[in-house]
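Since the structure comes first, as structure tokens, the remarks are kept for the end.
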Amino acid sequence: MTRIAVIEKEKCHPMACGGYLCIRVCPVNRTGQDCIVKGEDTKASINTEFCTGCGICPKKCPFDAIHIVNLPEALEKDPIHRYGENGFHLYSLPTPMFGKVVGVLGVNGIGKSTAIKILAGVMNPNLGKEKEDEAGYDELIRYFKGTEAQNFFEKVRDGKIRISYKPQQVELIPKSFNGNVRELLSKVDEKGSMEEIADLLDLREFLETDISKISGGELQRVAIAATVLKDANMYIFDEPTSFLDIKQRIKVSKFIRKLADEDTAVIVVEHDLIILDFMADLVNIMYGEKGAYGIVSLPKPTKAGINVFLEGYLKEDNIRFRDSQIKFSPRQAGKDVEKPALISWKGISKRMGDFHLSAEQGELKKRDVCGILGENGIGKTTFARILAGVVEKDSGEMDDTIKVSYKPQYLESESEEPVASYLQDAVVKFENQLIRPLNLNNLFDKKLSELSGGELQKVSIARCLSQDADLYLLDEPSAYLDVEQRLLISKIMRDIMEVNLKSCLVVDHDLLFIDYLSDDIIVFDGEPAKHGEVKGPFPMSDGMNSFLSGLNITMRRDAESNRPRINKPESQMDRKQKSEGKLYYS
Ligand code: ADP
Ligand code: ADP
Ligand code: MG
């Protein structure tokens with residue numbers, strides 16, 4: 001059996017545990033052998049030859065930094081890549097296919113970005129040897145002898161496959177480019193189709209704007225445009241829909257689908273399951289242990305692949321990669337009629353500069369989680385601030401004002417404040433409801449500025465929910481989180497509202513997340529920066545019906561998993577649901 005030892009260096013704080021606790025508890029070290037030692041970087045380091053797999057150090061480490069893993073029998077081979085001796089191990093790669101969009105699905109830290117960077121040729125794998133020892137194409141071809149990947153790397157070596165790649169972190173683009181959007185795109189435009197792509201991806205309005213001044217959603221579309229302007233026959237996108245609203249997500253997924261033809265292969269990493277389902281022909285599931293090692297499953301048809309992922313069990317390999325199944329249940333109408341009211345409003349109108357907001361008539365209930373669908377700049381924050389009484393309405397009625405706790409869309413990450421002090425209220429009041437389930441303990445010693453995107457999101461959500469308020473407004477909590485984390489957060493929010501008789505408004509662009517989370521739904525209509533109309537709260541199906549009518553798509557539930565899916569445009573179901581006026585089967 002192969003055993004690997006991985007230390008997540010950024011989680012290892014050898015002084016904060018009382019001085020190399022792992023070294024002190026290791027039974028092998030006690031016999032005088034150097035199983036765990038202080039590494040050159042002062043962090044703990046494990047010699048795999050001495051490790052007996054006793055399992056004591058991973059249990060004792062207060063920061064969950066150590067993984068000792070017995071790999072599945074089938075993995076009797078060297079990894080494709082290893083980030084240093086005690087670093088993350090990657091064991092396989094997704095399978096690109098011409099004419100198909102291949103999706104990659106897996107939790108954060110399981111090696112998705114690493115795997116597709118290797119396919120894209122922006123990172124050279126080391127085949128498990130020392131970090132500096134990068135393998136050339138000939139070595140890779142030997143490693144993969146007799147597999148699809150051999151064929152693939154031969155074609156890359158011979159220049160028959162030309163690859164273009166969009167990295168995950170589009171936030172980094174402004175740091176490496178000075179100039180406006182048009183200048184950036186002209187520089188990479190090998191096809192001479194900048195004008196056409198600018199129209200297809202709605203870039204016209206900000207072509208002349210400086211790259212450093214555009215929003216996250218705009219930057220994402222610029223990055224996608226830059227990727228497809230390169231003359232390539234394989235396009236790879238790492239998380240292409242982050243920061244986009246639903247309309248844009250659907251537009252981008254249609255666009256990416258169209259790229260795949262006989263001579264072109266497309267690979268996409270995506271956490272929005274409805275979008276992945278809509279966009280991909282096949283999916284590769286990535287599993288293993290986050291932070292420690294990752295394996296890629298064989299490609300499966302998308303529908304089945306997503307269901308396998310939700311189930312957490314790979315039949316052909318007899319591997320359970322999650323303890324529990326992720327379940328969706330069909331909605332039961334009218335189950336929440338008994339909830340007490342929190343606040344109600346009627347005929348509200350408010351002008352802010354050039355923007356006008358109106359809200360017909362509505363009521364929020366206690367113990368309620370209400371989803372909000374609406375574009376950016378359509379008045380969601382303004383509405384919450386009116387409910388909180390911090391913005392005065394011009395006219396209309398409201399029976400009360402309430403205290404609102406708010407998590408903004410864009411998170412403050414410059415702060416030097418330690419996580420432990422930022423989350424003080426949560427530690428005191430919500431140890432069991434927030435700190436433990438979200439695994440926040442092992443972040444306490446870090447400063448906010450040191451957190452990754454996903455960590456900062458979890459910390460910000462915990463902070464927002466631990467404040468004393470009547471209403472919690474969370475703007476895009478799913479950003480940077482993987483599917484499992486999104487569903488965990490939904491559960492936590494629901495529990496807190498239920499137990500503490502509070503209410504929660506959640507703005508998000510991941511429809512599966514909204515569907516999973518919400519008791520009812522508010523839809524913002526209008527035109528961003530001009531006018532917004534608050535409609536609802538509606539029961540889920542009515543609200544979705546109204547929302548989907550603006551998008552020209554229909555949705556139904558998957559018979560096996562009950563998850564919502566977008567119907568193929570012009571399919572039998574699509575036409576049937578449109579003719580019945582039931583755009584959303586709940
Ligand atoms: P994903 O895209 O699935 O979130 P990544 O491929 O980004 O996963 O990362 C997989 C693991 O590899 C993580 O534990 C990450 O910390 C580690 N890792 C990523 N890049 C590096 C690096 N340059 N050096 C060391 N470890 C890394
Ligand atoms: P959302 O939360 O849906 O993104 P907001 O409520 O923040 O939208 O903003 C809606 C619109 O109102 C935007 O166009 C914004 O520029 C404008 N706006 C917000 N606050 C002010 C203000 N204090 N003065 C002028 N315009 C404002
Ligand atoms: Mg990634």
Side-chain angles (χ1 to χ4, degrees), residues 6-12 41 43 64-65 67 79-91 93-94 104-119 122-123 125-126 131 166-169 215 217 236-240 242 245 268-271 284-296 350-357 359 372-387 390-392 406-410 452-455 473-476 480-485 505 507 509 522 524-534:
V6 174
I7 298 182
E8 293 184 75
K9 299 278 181 182
E10 66 278 12
K11 286 192 187 169
C12 171
D41 53 3
K43 309 266 175 166
D64 291 333
H67 305 261
I80 293 169
H81 187 73
R82 192 182 67 175
Y83 287 111
E85 157 124 48
N86 290 152
F88 179 85
H89 293 48
L90 175 72
Y91 282 92
L93 295 174
V104 180
L105 176 56
V107 299
N108 283 338
I110 203 76
K112 301 181 298 297
S113 294
T114 303
I116 67 171
K117 275 184 208 164
I118 291 171
L119 284 179
V122 297
M123 187 180 127
N126 56 21
K131 198 169 179 176
K166 185 204 81 73
Q168 177 176 355
Q169 287 177 296
S215 72
I236 302 184
F237 301 93
D238 199 347
E239 305 197 14
S242 318
D245 66 31
V268 197
V269 176
E270 179 58 56
H271 291 299
N284 285 115
I285 294 170
M286 284 196 74
Y287 61 97
E289 189 169 320
K290 57 158 74 182
Y293 76 102
I295 305 173
V296 186
K350 171 72 189 170
R351 182 162 286 285
M352 300 273 267
D354 296 332
F355 178 77
H356 179 256
L357 178 78
I372 294 189
L373 297 176
E375 296 169 67
N376 293 328
I378 198 107
K380 300 176 297 273
T381 314
T382 304
F383 181 61
R385 293 174 74 210
I386 292 174
L387 296 180
V390 292
V391 163
E392 196 73 38
Y406 175 57
K407 185 204 79 70
Q409 177 177 19
Y410 296 107
S452 73
E455 291 168 344
L473 173 64
L474 294 104
D475 201 346
E476 232 193 318
Y480 298 105
L481 300 183
D482 64 40
V483 177
E484 288 184 10
Q485 292 167 329
L505 289 176
V507 179
H509 305 305
I522 289 179
F524 273 73
D525 233 344
E527 201 176 333
K530 299 208 169 88
H531 63 104
E533 289 136 52
V534 183

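In each ligand, atom 1 is the first atom listed, and ligand 1 is the first ligand listed. Sequence positions, counted from 1, serve as the residue numbers for this chain.
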Mind checking whether H89 and Y91 have parallel, tilted or perpendicular rings, split at 30° and 60°? parallel
Just say parallel, tilted or perpendicular for the rings of F383 and F524, cut-offs at 30° and 60°.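 The rings of F383 and F524 stand perpendicular, inter-plane angle above 60°.
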Taking every heavy atom of E375 against every heavy atom of P528, the minimum-distance pair comes out as OE1-CG, 3.5 Å
Nitrogen or oxygen atoms of [X] and ligand 1 under 3.5 Å apart:
| X | value |
| --- | --- |
| G109 | yes |
| T114 | yes |
| E8 | no |

Could you list the atoms of ligand 2 found under 4.0 angstrom from a heavy atom of [X]?
| X | answer |
| --- | --- |
| A529 | 14 (O) |
| I378 | 1 (P), 3 (O), 8 (O) |
| T382 | 5 (P), 6 (O), 9 (O) |

Run the numbers on K9 and D41 for salt bridge (charged side-chain N to carboxylate O under 4.0 Å, His left out), then give the verdict. CA-CA 9 Å; K9 299 278 181 182; D41 53 3; 3.5 Å; yes
Once rounded to the nearest 0.5 Å, what's the spacing between atom NZ of K380 and atom CD of E476?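 Between atom NZ of K380 and atom CD of E476 there are 9.0 Å.
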Using the side chain to side chain donor-acceptor pair (under 3.5 Å) criterion, which residues pair with Q168? Sequence neighbours excluded. S113, E239
Hey, are the side chains of P79 and L90 touching, using non-hydrogen atoms and a 4.5 Å cut-off?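 Answer no - side chains too far apart.
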Report yes if some heavy atom in the side chain of I116 is under 4.5 Å from a heavy atom in the side chain of M123; otherwise report no. no
Measure from atom 16 (O) of ligand 2 to the protein's non-hydrogen atoms and state whether any distance is below 4.0 Å. no
Counting from 1 in the order shown, the ligand 1 atoms closer than 4.0 Å to a non-hydrogen atom of N108 are 4 (O)
Pair Y410-S215, side chain to side chain contact (heavy atoms under 4.5 Å, CB included): steps then yes or no: CA-CA 10 Å; Y410 296 107; S215 72; 4.2 Å; yes
Which heavy atom of the protein is the closest neighbour of [atom], given with residue, atom name and distance?
| atom | result |
| --- | --- |
| atom 22 (C) of ligand 2 | M352 CE, 3.8 Å |
| atom 8 (O) of ligand 2 | G379 N, 3.1 Å |
| atom 4 (O) of ligand 2 | G377 N, 2.8 Å |
| atom 11 (C) of ligand 2 | F355 CG, 3.4 Å |
| atom 2 (O) of ligand 2 | T381 OG1, 2.6 Å |

Specify side chain, backbone, both or neither for V107, according to which of its non-hydrogen atoms lie closer than 4.0 Å to ligand 1. backbone
Applying a strict 4.0 Å limit to heavy atoms, is G106 in contact with ligand 1?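 So G106 does not count as touching ligand 1.
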Is the backbone of [Y] close enough, under 3.5 Å, to the side chain of [X] for a donor and an acceptor to pair up by distance?
| X | Y | value |
| --- | --- | --- |
| K112 | V107 | yes |
| K407 | D475 | yes |
| K350 | E392 | yes |

Under 2.8 Å from the Mg ion (ligand 3) - protein N/O/S, by chain and number: S113 OG, Q168 OE1
To which of G84, S113, G454, A115 does the heavy atom nearest atom 7 (O) of ligand 1 belong? S113
Can you check which of K112, M123, E239, R82 brings a heavy atom nearest to atom 3 (O) of ligand 1? K112
Assess whether side chain to side chain donor-acceptor pair (under 3.5 Å) is satisfied between S452 and Y480, documenting all intermediate values. CA-CA 9 Å; S452 73; Y480 298 105; over 6 Å; no
Evaluate side chain to side chain donor-acceptor pair (under 3.5 Å) for H81 paired with N126, printing each intermediate quantity in order. CA-CA 5 Å; H81 187 73; N126 56 21; 3.3 Å; yes
